[in-house]
Amino acid sequence: MSAQRRVTVTSPQTRLAHARRRYRGPWRPTTLDPVEAPFAVALYRRQRRRAVVAMTTAFALVFGLPLVLALSPWLGELRLFDVPVSWLAVMVLPFPSMTLLAFWHLRRAEEEESAVEKNVPHEESR
């Protein structure tokens with residue numbers, strides 16, 4: 001049996017896409033309309049504040065739970081369904097809490113965006 005040489009087969013579109021990516025200039029962010037810029041900055045600041053609250057809460061949850069469990073060893077002795085409560089707290093509490101926190105953050109960010117969209121003057125109204 002003779003060994004055949006392996007050949008890489010790609011689509012012409014794939015080669016074109018790779019070539020375009022190599023020769024394209026540096027990416028520049030789009031510029032905002034001067035009327036919309038203050039609204040975008042205000043929205044960014046409000047959403048950043050909400051993100052800091054969400055991240056601080058997640059940080060407190062992830063690092064605070066082991067601290068609480070270390071400071072209260074009686075939770076290791078307390079059992080629910082023959083499983084220590086400290087184990088249940090570590091297994092059950094963090095992920096649903098972080099999921100709820102993520103949904104809370106997403107909803108607040110969307111509310112901020114819709115509030116700003118109502119206040120931004122549109123092109124037709126000028």
Side-chain angles (χ1 to χ4, degrees):
M1 186 168 167
S2 64
Q4 292 183 345
R5 184 172 175 222
R6 294 178 60 113
V7 178
T8 305
V9 179
T10 59
S11 155
Q13 284 81 15
T14 304
R15 279 184 267 144
L16 287 173
H18 286 292
R20 267 191 237 117
R21 193 175 335 147
R22 262 184 255 134
Y23 299 117
R24 188 177 291 173
W27 176 81
R28 284 186 227 153
T30 59
T31 55
L32 289 175
D33 185 18
V35 175
E36 295 175 348
F39 292 104
V41 170
L43 175 64
Y44 172 74
R45 286 184 179 149
R46 277 186 254 157
Q47 287 183 343
R48 186 176 57 190
R49 262 186 254 124
R50 299 255 187 210
V52 167
V53 170
M55 291 302 295
T56 303
T57 306
F59 184 82
L61 175 70
V62 168
F63 291 104
L65 184 61
L67 183 64
V68 167
L69 293 174
L71 293 176
S72 52
W74 58 272
L75 287 173
E77 298 166 6
L78 186 63
R79 294 185 174 272
L80 183 66
F81 303 114
D82 204 32
V83 178
V85 171
S86 60
W87 287 16
L88 285 174
V90 171
M91 292 185 320
V92 175
L93 211 59
F95 295 109
S97 301
M98 285 189 281
T99 302
L100 289 174
L101 185 62
F103 278 116
W104 171 83
H105 177 66
L106 178 64
R107 295 295 171 240
R108 299 296 87 73
E110 288 174 345
E111 286 174 8
E112 294 286 344
E113 285 178 12
S114 63
V116 167
E117 284 176 2
K118 290 177 187 174
N119 295 331
V120 174
H122 294 287
E123 194 70 33
E124 307 89 42
S125 63
R126 284 195 238 164

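When a residue number appears, it is its place in the shown sequence, counting from 1. What you see is a predicted model; the values in this text were computed from it and never measured.
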Distance from [X] atom [atom1] to [Y] atom [atom2], nearest 0.5 Å?
| X | Y | atom1 | atom2 | result |
| --- | --- | --- | --- | --- |
| R48 | L43 | CZ | CG | 11.5 Å |
| Q47 | E110 | CD | CD | 9.5 Å |
| W74 | L69 | CH2 | CG | 10.0 Å |

Does any pair with a residue in residues 49-75 pass salt bridge (Lys or Arg N to Asp or Glu O under 4.0 Å), and if so which ones, sequence neighbours excluded?
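Checked against salt bridge (Lys or Arg N to Asp or Glu O under 4.0 Å) - neighbours excluded - the pairs reaching residues 49-75 are R50-E112.
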Side-chain contact, heavy-atom cut-off 4.5 Å: M55 with H105?
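No; the side chains remain at least 4.5 Å from each other.
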Say whether [X] and [Y] are linked into one hydrophobic cluster, either directly or through other cluster members, by side-chain heavy-atom distances under 4.5 angstrom.
| X | Y | value |
| --- | --- | --- |
| L61 | F95 | yes |
| M98 | L93 | no |
| V53 | L101 | yes |

Should we count CZ of R79 as having more than 12 external heavy atoms under 6.0 Å?
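Yes, enclosed.
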